[in-house]
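Written out below as structure tokens is the structure these notes cover.
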Amino acid sequence: MMTRRKKRSCSNQKKEEEKSERIPFDLVIEILLRLPVKSIARFRYVSKLWQSTLRGQHFTESYLTISSSRPKILFTCLKDCETFFFSSPHPQDLSPIAANLHMSFPMSCPSNICRPVRGWVCGLHQRTTKGTTVTEPLICNPSTGESVVLRKVKTRRKGVISFLGFDPIDKNFKVLCMTRSCIGRADSEEHQVHTLETGKKPSRKMIECDILHYPVPVEHTNGFSQYDGVCINGVLYYLAIVHGVSDDRYPDVVCFEFGSDKFKYIKKVAGHDMEILYLGRRLNSILVNYKGKLAKLQPNMPNNVCTGIQLWVLEDAEKHEWSSHIYVLPPPWRNVYEETKLCFVGTTRKGEIVLSPNTISDFFYLLYYNPDRNTITIVKIKGMETFQSHKAYTFLDHLEDVNLVPIWRM
């Protein structure tokens with residue numbers, strides 16, 4: 001009798017201990033939100049409950065929100081027809097930062113690698129089948145290592161330009177693809193939008209564009225060009241020559257609204273230094289997200305002499321109103337900026353202007369210019385030494401997204 005009571009007592013005690021030691025599931029979620037993306041991908045296979053929870057919109061949005069508070073720097077490097085992706089945290093002081101290699105993807109067209117959007121990157125993948133070269137948009141997540149190739153772009157032309165964006169209303173990734181002839185200054189002709197919707201196959205539709213234009217690539221100091229666009233609140237902006245608006249030698253800004261599939265253009269400030277010659281001597285100028293507003297970074301070139309940096313900020317898109325800010329670099333950095341092959345990278349959330357070489361060397365670095373203090377900080381990047389002499393492109397504010405590609409597979 002005593003033995004039975006003792007066993008029953010031990011059993012009840014064991015159950016009580018199990019209950020007290022069990023971690024609440026809400027606390028488990030809070031812990032998971034702070035783990036690396038690749039760990040989240042593995043934990044989806046723990047159970048059906050974990051899979052549904054970690055793929056749910058609440059968890060993925062919460063993870064992205066936390067990631068946005070600690071964005072990373074993303075580096076891309078083209079080597080042997082593969083694009084390699086590295087990332088590093090933002091520097092906290094003057095100490096060198098390490099770039100960690102994620103993996104590579106078969107993006108062999110470096111001129112068409114888009115800026116990251118909510119953790120995803122879009123590029124062009126080329127493959128040869130039956131003696132014909134086929135160009136296909138490829139979407140990848142450098143953090144999870146997953147990718148998906150979209151349907152082949154329907155085109156009668158050879159050149160394909162793609163831009164990645166996000167529609168905040170429908171909460172879908174979208175890719176704007178346009179085609180043009182590779183000969184001369186041909187206008188974009190065929191325009192398509194690929195939509196990546198959760199739980200469905202990628203869809204594609206042709207759209208009309210009533211603005212006669214052609215995108216202008218950013219000209220880097222090593223002679224290499226790259227098509228570049230920036231997506232802000234569901235609107236894509238890119239530099240383009242718009243016919244019938246102003247001098248064809250100077251680019252305007254074309255914008256595409258992913259929600260309405262409508263094209264618009266924003267005029268530059270006519271007769272001012274915003275007009276940097278596109279033909280002839282082409283200079284490095286890029287569009288950036290400056291504290292939530294569209295802005296343009298370019299060298300300040302009065303009388304064709306570089307004296308510093310000029311920042312144009314779009315204040316009113318409907319009225320085509322811009323504000324101008326000119327920064328004169330402190331000596332001797334003015335000569336370094338003019339003589340060294342540096343390219344604009346973008347601006348930080350604090351308003352710092354970031355520049356970098358676009359070829360990896362034994363001393364690869366980022367240059368941070370603080371306009372308020374008129375100071376410059378150099379931060380060395382380690383971990384990319386085996387890619388010396390290869391072209392590298394740097395993107396700020398890269399987020400980590402735990403959405404995985406299989407939900408989009410065709």
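Computed from a predicted structure; not experimentally measured. FYI, side chains are in, hydrogens and waters are out, and symmetry mates aren't considered; it's all heavy atoms of this structure.
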Parallel, tilted or perpendicular: which one describes the rings of Phe173 and Phe166, with boundaries at 30° and 60°? perpendicular
Determine whether more than 12 heavy atoms belonging to other residues, nucleotides or ligands lie under 6.0 Å from atom CG of Asn374. yes
Where the side chain of His320 meets the backbone of Lys267, is there a donor-acceptor pair that is under 3.5 Å apart? yes
Using the rule given for side-chain contact (heavy atoms from CB on, under 4.5 Å), can you reason through Phe59 versus Leu32, listing the C-alpha separation, both sets of side-chain angles and the distance that settles it, and then say yes or no? CA-CA 9 Å; Phe59 181 84; Leu32 292 174; 4.1 Å; yes
For Phe85 and Val121, run side-chain contact (heavy atoms from CB on, under 4.5 Å): C-alpha distance rounded to whole Å, both residues' side-chain angles, the deciding distance at 0.1 Å, then the answer. CA-CA 10 Å; Phe85 289 85; Val121 179; 4.1 Å; yes
Look at the side chain of Asp80 and the backbone N and O of Glu82, then say whether any donor-acceptor pair between them is shorter than 3.5 Å. no
Test log, rule side-chain contact (heavy atoms from CB on, under 4.5 Å), inputs Leu78 and Ile113: CA-CA 10 Å; Leu78 178 66; Ile113 296 179; over 6 Å; no
Quick one, Phe86 with Phe387, criterion ring-ring contact (aromatic ring centres under 6.0 Å, His included). Give me CA distance, side-chain angles, the key distance, then yes/no. CA-CA 11 Å; Phe86 301 77; Phe387 291 82; 5.3 Å; yes
Please determine if Arg118 and Asp401 form a salt bridge, counting it only when a charged side-chain N lies under 4.0 Å from a carboxylate O. no
Neighbour count >12 (heavy atoms, 6.0 Å) for atom CZ, Arg70: yes
Checking ring pair (Phe, Tyr, Trp, His ring centres under 6.0 Å) against Phe256, which of Tyr238, Phe263, Tyr237 comes through? Phe263
Kindly determine whether Glu400 and Tyr63 satisfy side-chain contact (heavy atoms from CB on, under 4.5 Å), including the steps that lead there. CA-CA 8 Å; Glu400 292 186 312; Tyr63 195 96; 4.3 Å; yes
Please determine whether the number of non-hydrogen atoms from other residues, nucleotides or ligands lying under 6.0 Å from atom NZ of Lys382 exceeds 12. no
At what distance, to the nearest 0.5 angstrom, does CG of Leu311 lie from NE2 of His325? 5.5 Å
Decide whether Gln298 and Ser285 meet the rule of one side-chain donor and one side-chain acceptor closer than 3.5 Å. no
Can you tell me if NZ on Lys174 sees more than 12 non-hydrogen neighbours from other groups inside 6.0 Å? yes
